[in-house]
Amino acid sequence: QAPAPTKWNKRNLSWRVRTFPRDSALGPDTVRALMYYALKVWSDIAPLNFHEVAGSTADIQIDFSRADHQDEYPFDGPGGTVAHAFFPGDHHSAGDTHFDDEEAWTFRSSDAHGMDLFAVAVHEFGHAIGLSHVSTPSSIMQPYYQGPVGDPLRYRLPYDDRVRVWQLYGVRESVSPTAQLDTPEPEEPPLLPEPPDNRSSTPPRKDVPHRCSAHFDAVAQIRGEAFFFKGKYFWRLNRDRHLVSLQPAQMHRFWRGLPLHLDSVDAVYERTSDHKIVFFKGDRYWVFKDNNVEEGYPRPISDFSLPPGGVDAAFSWPHNDRTYFFKDQLYWRYDDHTRRMDPGYPAQGPLWRGVPSTLDDAMRWSDGASYFFRGQEYWKVQEGELEAAPGYPQSTARDWLVCGEPAAGEAEAEAARA
Amino acid sequence: CAAPAPRAEDLSLGVEWLSRFGYLPPADPATGRLQTQEELSKAIATMQQFGGLKATGILDEATLALMKTPRCSLPDLPPLSWARRKR
């Protein structure tokens with residue numbers, strides 16, 4: 001009695017947690033991690049790629065809502081209905097997934113009354129990619145909550161569910177159907193990226209830059225967070241623009257696959273076409289899927305029709321869905337979807353009035369504005385504008401990296417103290 | 001002994017639940033929620049079967065307990081299946 005299957009025509013699907021649980025013991029990072037792993041359960045076996053994004057255009061919008069939340073499935077407080085998701089289709093809510101914010105969402109909890117968020121998310125994402133309910137007791141797609149399903153890093157879909165998703169999307173290349181039938185030991189997925197905190201057991205190194213005095217090599221918005229790169233290190237700010245740690249993280253320990261001898265990067269940006277992350281250094285570039293480098297990189301930047309000599313900055317401008325590359329006083333406009341440079345470039349910069357003609361890097365932020373960085377200063381350009389907002393430049397260290405007012409010599413003194 | 005008849009509130013909960021999750025057709029504004037006993041029994045049996053219970057068609061304790069189990073909001077049977085079943 002299953003309906004005609006609906007499925008996504010595209011294979012790259014973006015997702016975003018739009019609202020988080022209000023009174024839950026689970027923090028936003030844990031919620032995002034659980035969503036990542038619940039989606040990965042499906043993309044591990046089917047040719048689907050899920051990418052977390054910051055913008056409101058995500059294919060799968062995830063919300064924690066209460067009671068009537070303006071769809072046809074109002075929630076009913078603790079117990080009863082706990083979540084739902086919309087099947088793929090042309091409607092604007094296709095793929096959207098809603099969790100009842102009044103449930104006691106848990107993760108790795110012994111609380112028998114809690115609702116295991118990972119287990120429910122795997123089920124709901126099954127709907128979001130086109131699977132309906134089944135009566136098979138072992139299936140994750142049977143409609144009743146049956147408790148936790150175990151470790152998100154090791155969870156493997158029951159056979160019935162694997163077959164049903166293969167019927168919709170085929171088998172992922174890396175998955176051998178025979179191997180699946182032979183039920184081998186599940187492969188352990190990579191661990192979630194460790195937050196760049198100060199729990200490292202390695203002693204402090206002499207080449208560690210200080211965030212308050214750094215001229216950053218590159219700045220990028222990746223998955224809605226800001227990354228400030230300097231030398232072999234980077235600082236990370238979460239979506240609320242709060243530094244994850246005052247201490248920088250080591251680039252090579254997080255971005256797996258960058259050559260160890262690489263002492264800095266020139267520019268970084270998240271590609272809008274497939275949400276992969278591109279690093280530039282000199283005449284070469286690397287493409288990362290999440291924080292792992294793709295096979296076959298580095299490649300020459302001539303792939304972008306860029307001349308030898310590298311780039312200073314790379315910036316994806318949502319206003320026209322184009323990527324801009326900057327080098328000295330020149331800039332190029334590139335279409336990431338067609339992978340072609342737009343004709344008529346390079347042009348003499350800058351495109352935005354009031355922004356310096358040479359840049360360290362640029363990024364868009366979740367407030368819709370674009371930010372341009374050079375030296376220890378930054379310029380803000382409001383969404384859709386072609387001119388820097390009045391009152392800029394401002395101090396990058398003060399406004400982004402939790403430093404004091406940059407009094408003369410203070411940054412240097414603080415750096416020396418550090 | 002015959003099984004005890006379900007209490008009115010259980011029956012009401014059961015009918016509402018069966019409609020919500022696709023086992024009974026949506027309420028008809030002209031006739032209210034009137035269902036024939038046979039229709040209701042059939043719907044309960046289908047729900048029991050889907051939920052892994054013995055398909056008796058009787059709204060017993062186990063069936064009511066399953067109806068109170070936390071679950072996904074989406075229906076188990078799509079609306080289309082109603083037209084098909086009616087035909």
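Chain letters run A, B, ... following the sequence lines, proteins first, then strands; residues in each count from 1. Since the model is a prediction, treat every value here as computed from it, not as a measurement.
Put simply, the residue from A/Asp100, A/Val82, A/Val120 that forms a side chain to side chain contact (heavy atoms under 4.5 Å, CB included) with B/Pro70 is A/Val82.
Closest non-hydrogen pair, A/Thr81 versus B/Arg20, comes out as CG2-NH1, 3.5 Å. In terms of heavy atoms, B/Asp76 sits closest to A/Tyr144 at OD2-OH, 4.5 Å.
For B/Ser73 (side chain) and A/Ala83 (main-chain N/O), a donor-acceptor pair under 3.5 Å exists by modelled atom type. Judged by distance alone, with hydrogens and angles left aside, the side-chain atoms of A/His123 form no donor-acceptor pair with the main-chain N or O of B/Cys72 at under 3.5 Å.
Per-residue counts of heavy-atom pairs under 4.5 Å with chain B were compared for A/Gly79, A/Gly80, A/Pro74; the largest is that of A/Gly80.
Other residues, nucleotides and ligands contribute more than 12 heavy atoms inside 6.0 Å of the NE2 atom of A/His91. Around the NZ atom of B/Lys54, the shell of radius 6.0 Å holds no more than 12 heavy atoms that belong to other residues, nucleotides or ligands.
With a threshold of 4.5 angstrom between heavy atoms, A/Phe75 approaches chain B through side-chain atoms but not through N, CA, C or O. Proximity to chain B (any heavy atom under 4.5 Å) is shown, for A/Glu72, by neither the backbone nor the side chain. Interface remark: A/His127 contributes side-chain atoms only to the contact with chain B (heavy atom separation under 4.5 Å). Heavy atoms of A/Pro143 lying under 4.5 Å from chain B belong to its backbone as well as its side chain.
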Please report the C-alpha distance between A/His133 and B/Phe21 in whole Å, then the side-chain angles of each, then the deciding distance to 0.1 Å, and finally whether the side-chain contact (heavy atoms from CB on, under 4.5 Å) criterion is met. CA-CA 11 Å; A/His133 284 153; B/Phe21 296 112; over 6 Å; no
Check step by step if side-chain contact (heavy atoms from CB on, under 4.5 Å) holds for B/Leu74 and A/Phe87. CA-CA 10 Å; B/Leu74 297 193; A/Phe87 292 114; 4.0 Å; yes
